[in-house]
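Take a look at the structure below.
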Amino acid sequence: MNKQKILIVEDEAHIAEVLIAYCQNNGYLVEHLSSGKEVISFVEENSVDLILLDLMLPDIDGLEICKKIRKFSQLPIIMITAKGEEIDKLLGLEFGADDYICKPFSPREVMARVKTVLRRVTNNNTELDAANSIKHSEFEMTINEFEVTFKGQFLDLTPREFLILRLFLENSGRVFSRDEILVYAYSDTLDISDRNIDTHIKNIRKKINQIAEEAEPIRSVYGIGYKFNKL
Ligand code: CA
């Protein structure tokens, strides 16, 4: 099994250090950001299994970040708060955090929460598996887990790449223009150009070719866009 990756967003260096050490000791891969403004793009461009998100950050409020992530992802989020902050609110529908931890915390407690949340997410998805998996041309995609394998090997896609591949797998043989892909993969933002789609396609192809060098499931259709071909 692939190691799960935890993103720690915490501006206080000594707290971040403790969290990083504990996560690593418990067998997780760790990424650390000390400001809020990089979080959204990081989550869009990298695969992350869970976020430990500090509520009080110097630039963007942790709640705002949580809300933005929920617009495009069900990625598990555990908020780290000081006592008395808006706990009810952050677990509510608008922000949708999965759990919270109050400062000061024991690192042991944090790890217990992390494991519980990850287990809950995995179990939920197993129940839903039947309705949420797509099998096509040696690709196997599990929607809720944001996981996809090709020839039995894990493809490490970012959330946008995942959405684009999903569109192709569900509509094999159909040609999609860049605009159509853009509307589908970026329904939450308009601030993006169709050249980004080319970059995403390039990255998806590269990742597929790391598994099978000759495979060419996504074809360019000159003057129009892209289509997915059966292998
Ligand atoms: Ca802080």
Would you tell me whether Ser41 and Glu38 have side-chain atoms, one donor and one acceptor, within less than 3.5 Å of each other?
no

Using a 4.5 Å cut-off on heavy atoms from C-beta on, say whether the side chain of Leu165 contacts that of Leu163.
no

Please tell me if the side chains of His136 and Phe228 come closer than 4.5 Å, counting only heavy atoms from C-beta onward.
yes

Between Phe176 and Phe168, is there a side-chain heavy-atom distance shorter than 4.5 Å?
yes

Less than 4.0 Å between a side-chain N and a carboxylate O, is that true for Asp49 and Arg119?
no

Pair Arg113 + Asp99, salt bridge at N-O below 4.0 Å
yes

How long is the straight-line distance from CD of Glu161 back to OG of Ser47, given to the nearest 0.5 Å?
9.0 Å

Which value, rounded to the nearest 0.5 Å, describes the distance between Glu213 atom CD and Gln210 atom CD?
10.5 Å

Distance alone, cut at 3.5 Å: any donor-acceptor contact between the side chains of Asn171 and Lys227?
no

Quick check on side chain to side chain contact (heavy atoms under 4.5 Å, CB included): which of Asp54, Leu57, Leu19 does Val9 satisfy it with?
Leu57

Modelled atom types, side-chain donor and acceptor of Thr199 and Arg160, under 3.5 Å
no

Side chains of Val175 and Tyr226, heavy atoms from C-beta outward: is any pair under 4.5 Å?
no

For residues Leu50 and Ile77, determine if any side-chain heavy atom of one lies less than 4.5 Å from a side-chain heavy atom of the other.
no

Take Asn46 and Lys5, measure what side-chain hydrogen bond (donor to acceptor under 3.5 Å, both in side chains) needs, and give me the verdict at the end.
CA-CA 10 Å; Asn46 294 274; Lys5 192 190 284 172; 4.9 Å; no

Heavy atoms, side chains only, cut-off 4.5 Å: are Ile101 and Thr81 in contact?
no

Under-4.0 Å salt bridge between Arg178 and Asp198:
yes

Answer yes if the side chains of Ser34 and Asp11 hold a donor-acceptor pair under 3.5 Å, and no otherwise.
no

Quick check: does any side chain N or O of Ser73 sit under 3.5 Å from a backbone N or O of Leu75, one acting as donor and the other as acceptor?
yes

Say whether, by atom type as modelled, one donor and one acceptor occur between the side chain of Asn26 and the main chain of Met111 under 3.5 angstrom.
no

May I ask you to test the Ile40-Phe72 pair for a side-chain heavy-atom distance under 4.5 Å?
yes

To the nearest 0.5 Å, atom CD1 of Ile69 lies from atom CD of Glu44 at 9.5 Å

Ile78 versus Ile51: any side-chain heavy-atom pair under 4.5 Å?
no

